[in-house]
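This report refers to the structure that appears directly beneath it.
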Amino acid sequence: MSGSNLFSLGEKLFQKKEYKSAIPVLWKSIMQHDNDDTRHEFNDEDDALPYTVENAFLMFMQCFARQGQLAEGYIYVAREYIQRGQMEEAKNYIDRAIEVDPAHKEVLHLRRLLKDSSGEKYGYQKAEITAPVRNVQTRGNSGMTPEELHDMGVAYFNQKQFDQAAKHFEQSCIDSNEQIGSACANAVFCRTEVLDWGFNGSQFDLDMERVERLMHVELMTFRRSNSNGKQEWARSTSVHPHMMLGYPLDAKLQRIVDEAYAATDEFRARVKIDETTNKAYVSPLPSDLPYDQQSYREEVVAEMSLLNSKQQQHRIRIGFVSSAIKQTAVMYLGHSILQYVNRTKFEVHIFATTGPDHPQFIQKSTNGFDWRQRVKDNVDFFHDVSHLQHNHIELARFVRQTKLHILIDWDGYARQGARPQGLFALRPAPVQIFHQEFLGTSGATYVDYLISDEITSPPQKDYLYTEKLIYLPNHFFSKGHAVMPEILPPRLQYEKATIPFKIGTGSPQENRCLASYETTSSDVSFVFCNFHKFLKYNPETMRSWLNILSAVPDSILCLLKNPPSGEPNLRQFVDDISPAMNERIHFLEWEDSLVNHQARNRDLCNVVLDTWPYNGHTTTMDALYAGVPVVTRSDGDHMVARVTTSANIVLGILELNGNGALEYESIAIKLAENFSFYTSIREHLIDTCLQTEPMHRFWDVKRYTKDLEEGLEIAFNNYMAGGSSAHIFVGKNNHSTDEAPENRTIPASDEL
């Protein structure tokens with residue numbers, strides 16, 4: 001029987017849930033793959049899966065996963081490879097089986113068997129193989145194995161040489177038959193970093209198809225239900241949570257990636273490298289971890305009861321943990337909160353997992369204003385735990401000793417390698433919260449709440465989150481612009497232009513994105529800007545920008561080289577569509593000073609064109625406080641796609657929110673062509689920045705802090721009451737609810 005017929009038969013057996021019978025049939029179809037992609041007598045439906053090795057292997061592994069026997073699936077493959085003498089391939093699948101079930105007797109036997117046969121110490125396999133390869137160790141035209149190519153890609157990526165990283169990852173992906181998942185995913189991410197989209201975005205479209213395909217394969221292969229009906233992950237996905245944020249894909253896929261990372265985060269934090277053998281191993285988890293929440297609640301209840309009996313006031317102990325307690329974006333936005341915390345109600349701890357910045361960097365980046373020192377000056381306890389950065393177990397014990405009530409994460413999945421990976425999974429605090437840095441669900445069962453607002457995270461979309469949400473009333477982002485002395489307030493009138501350019505002088509039309517007169521039109525009519533990282537760009541957004549430029553004569557587009565290696569690719573993309581437009585696109589060099597970077601929004605931009613689906617966050621707050629309107633799209637579901645939409649609504653300029661690309665373009669064009677419309681928007685925005693007594697609710701850090709405190713207090717009281725966590729709506733009479741909004745049903749896995 002041909003391979004395609006075997007596959008069709010295996011598919012029929014799989015659909016009938018006759019998994020044991022389907023397993024050997026599907027395996028034979030994998031081994032007999034004959035490059036015949038036609039369908040034969042067993043299945044002629046139009047929507048039948050095509051016969052490929054990848055589809056056959058996916059269904060083969062699902063036969064085991066559906067029976068809760070994923071480890072047995074890997075063992076089956078490992079034994080087949082051992083029989084063929086392909087020991088390296090066998091080791092890969094033994095590794096996978098160990099990740100699923102480290103105590104499985106048969107997999108331990110196979111590991112000893114390979115060790116004895118090779119005479120070498122069995123080592124941890126770094127490459128993430130997700131489907132069988134006949135000879136993944138074969139050296140291709142490059143003279144390197146797929147694993148070696150992958151490691152070279154990592155080295156180039158760490159040096160921020162994204163072009164070279166993409167080439168090596170892509171070759172690793174190809175040479176391994178797309179079975180080193182991390183190579184395939186990383187190649188896509190590196191191309192997005194440098195805007196390598198191919199002709200008219202054709203490569204980008206293929207890349208998005210790859211990500212979706214990879215996600216569906218790994219979802220079906222590595223996620224399963226345990227005996228309690230809960231979902232478990234055998235390993236994390238090849239796509240990292242931060243990679244997904246910029247991809248215009250279904251937001252439900254982002255939740256899947258986040259869940260996979262959360263489920264395996266603590267385990268991966270215990271993977272260590274033996275300095276003698278250079279082999280990886282997994283250190284054991286102490287038996288008392290993660291901390292028992294019931295006994296912790298009893299301690300807290302007893303403590304509160306004792307204080308009440310003595311009529312003593314108690315404070316809620318809150319802690320913020322981050323690797324970014326220095327001159328970083330999260331501190332830029334967040335550190336001003338701390339000076340307004342009600343210290344009679346809250347005791348504040350900071351856990352800094354990295355050391356301070358160098359004084360010269362502080363002087364250069366923020367004109368000498370030290371944000372870490374400000375944090376120290378406004379908290380009860382500042383814990384420098386940089387010595388525990390890579391020891392999440394001891395860090396958890398340290399945090400636990402402080403007897404915190406609430407622990408807040410200011411890293412999320414950002415700053416990989418520096419963030420306190422695995423800490424939250426050990427449950428060092430009874431209430432654990434994600435706030436502000438990583439925008440989206442943690443995907444974790446051990447994170448109780450996420451801070452957001454009802455526009456950024458519509459309640460009817462709460463199936464995108466594993467946490468309950470604390471909905472703040474006036475935009476969920478904290479921003480300290482209005483109270484930071486280093487940030488200058490906007491002005492309606494422009495100062496006289498200077499040559500050479502100085503911060504605070506000239507209008508956007510005069511300054512023309514700092515381009516020379518030889519490279520720009522003599523009369524610039526309007527300046528559109530975007531200062532985001534290139535990874536937030538995509539072909540659809542770029543096409544909208546070109547449409548806007550085309551509709552507004554003598555307008556220009558001012559972008560930031562971030563990174564510089566992306567500029568040639570972007571210009572090539574424009575050349576392929578409308579070459580003349582390249583004369584109207586200009587790039588700024590990187591500005592080392594965060595303060596000056598914020599200020600030059602006012603000097604260089606009439607309007608900022610937001611990216612979609614990954615909005616500007618810190619850059620959007622910078623533009624708005626410079627009095628520069630930001631046009632955005634409001635048709636995204638994910639949290640990162642709705643940040644600016646929410647900001648514009650709170651600021652009272654919801655006219656700048658477009659429902660889709662056409663409305664987005666129309667709004668931008670209207671601002672450039674209708675002077676009175678543009679002026680009214682700009683004047684209103686500047687008024688919100690300058691408003692005092694009371695300060696406008698969008699910029700009022702003191703009000704924001706009070707709202708945040710209310711949310712934290714309700715969360716703690718819910719915990720003390722022993723009830724299940726619920727959504728919290730700050731500022732409303734009905735503060736929290738367990739009721740599911742309409743359409744709250746979490747989509748089934750086959751819909752994802």
Side-chain angles (χ1 to χ4, degrees), residues 101-103 225-233 258-259 261-271 282-309 314-321 346-347 349 351 353 381 383 385 388 390-409 411 419-435 441-450 466-468 470 712-726 728 736 738:
D101 188 353
S225 297
N226 62 19
S227 58
N228 297 322
K230 294 184 178 180
Q231 299 289 344
E232 290 183 341
W233 284 87
D258 299 339
E259 284 182 352
Y261 262 75
T264 57
D265 198 49
E266 194 281 323
F267 173 84
R268 286 180 287 109
R270 284 187 282 119
V271 175
V282 180
S283 61
L285 181 66
S287 59
D288 61 326
L289 296 174
Y291 287 109
D292 177 62
Q293 291 305 289
Q294 182 56 39
S295 61
Y296 202 168
R297 176 179 279 108
E298 292 170 0
E299 287 182 32
V300 176
V301 170
E303 176 192 6
M304 296 297 116
S305 297
L306 179 61
L307 290 173
N308 290 335
S309 67
H314 67 81
R315 294 196 293 172
I316 299 174
R317 292 186 288 272
I318 60 175
F320 298 85
V321 60
F346 295 90
E347 175 183 298
H349 294 248
F351 301 90
T353 63
F381 298 96
H383 308 285
V385 291
L388 299 177
H390 300 298
N391 191 337
H392 69 298
I393 291 175
E394 290 306 312
L395 179 57
R397 296 196 189 285
F398 183 88
V399 173
R400 178 70 177 83
Q401 288 171 3
T402 64
K403 297 186 177 181
L404 284 185
H405 300 133
I406 299 174
L407 182 61
I408 299 172
D409 189 317
D411 277 332
R419 69 182 182 89
Q421 181 179 351
L423 172 65
F424 272 54
L426 300 182
R427 269 290 183 181
V431 179
Q432 300 189 155
I433 297 174
F434 255 37
H435 180 217
T441 181
S442 66
T445 58
Y446 46 78
V447 175
D448 304 294
Y449 294 99
L450 177 75
T466 55
E467 312 86 351
K468 295 297 182 180
I470 298 178
L712 298 180
E713 191 169 10
I714 295 170
F716 179 66
N717 290 338
N718 286 349
Y719 168 79
M720 289 294 293
S724 61
S725 63
I728 296 170
S736 61
D738 279 319

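One-based numbering along the sequence shown.
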Between the main-chain N or O of [Y] and the side-chain N or O of [X], is there a donor-acceptor pair closer than 3.5 Å?
X	Y	value
Tyr719	Arg297	yes
Thr466	Thr445	no
Tyr446	Ala262	yes
Gln432	Phe424	yes
His392	Pro420	no
Arg427	Gln293	no

key: Derivation of the side-chain contact (heavy atoms from CB on, under 4.5 Å) call for Leu289 and Arg397   = CA-CA 9 Å; Leu289 296 174; Arg397 296 196 189 285; 4.0 Å; yes

If you define the side chain from C-beta out and look only at heavy atoms, does anything of [X] sit under 4.5 Å from [Y]?
X	Y	value
Val399	Tyr291	no
Asn718	Tyr449	yes
Pro428	Leu423	yes

Roughly how far apart are [X] [atom1] and [Y] [atom2], rounded to 0.5 Å?
X	Y	atom1	atom2	result
Phe716	Met304	CZ	CE	5.0 Å
Asp288	Leu426	CG	CG	9.5 Å
Leu306	His314	CG	NE2	12.0 Å
Ile406	Leu712	CD1	CG	4.5 Å
Leu388	Ile393	CG	CD1	11.5 Å
Ile316	Ile318	CD1	CD1	8.5 Å

query = Which atoms form the tightest heavy-atom contact between Glu266 and Ala425, and what is the distance?
reply = CB-CB, 3.6 Å

ask   = Of all heavy-atom pairs between Ala429 and Tyr296, which one has the smallest distance, and what is that distance?
value = CA-CE1, 3.9 Å

key: Partner set under salt bridge (charged side-chain N to carboxylate O under 4.0 Å, His left out) for Arg315, not counting sequence neighbours   =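 Salt bridge (charged side-chain N to carboxylate O under 4.0 Å, His left out) list for Arg315, sorted by chain: Glu347, Asp380.
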
request  = Check salt bridge (charged side-chain N to carboxylate O under 4.0 Å, His left out) between Asp411 and all other residues, then give those that pass, not counting sequence neighbours.
outcome  =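 Asp411 satisfies salt bridge (charged side-chain N to carboxylate O under 4.0 Å, His left out) with Arg415 only.
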
With sequence neighbours excluded, residues passing side chain to side chain donor-acceptor pair (under 3.5 Å) with [X]:
X	answer
Arg400	Glu299
Glu394	none
Thr402	none
Ser442	Glu467

query = Which one of Ile408, Leu450, Thr441, Asp448 satisfies the side chain to side chain contact (heavy atoms under 4.5 Å, CB included) criterion with Phe434?
reply = Leu450

request  = Check the angle between the aromatic planes of His349 and His383 and answer parallel, tilted or perpendicular using the 30° and 60° thresholds.
outcome  =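 Judged by the thresholds at 30° and 60°, the geometry between His349 and His383 is parallel.
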
task = Check the pair Met720 / Val300 against side-chain contact (heavy atoms from CB on, under 4.5 Å), numbers first and verdict last.
result = CA-CA 8 Å; Met720 289 294 293; Val300 176; 3.4 Å; yes

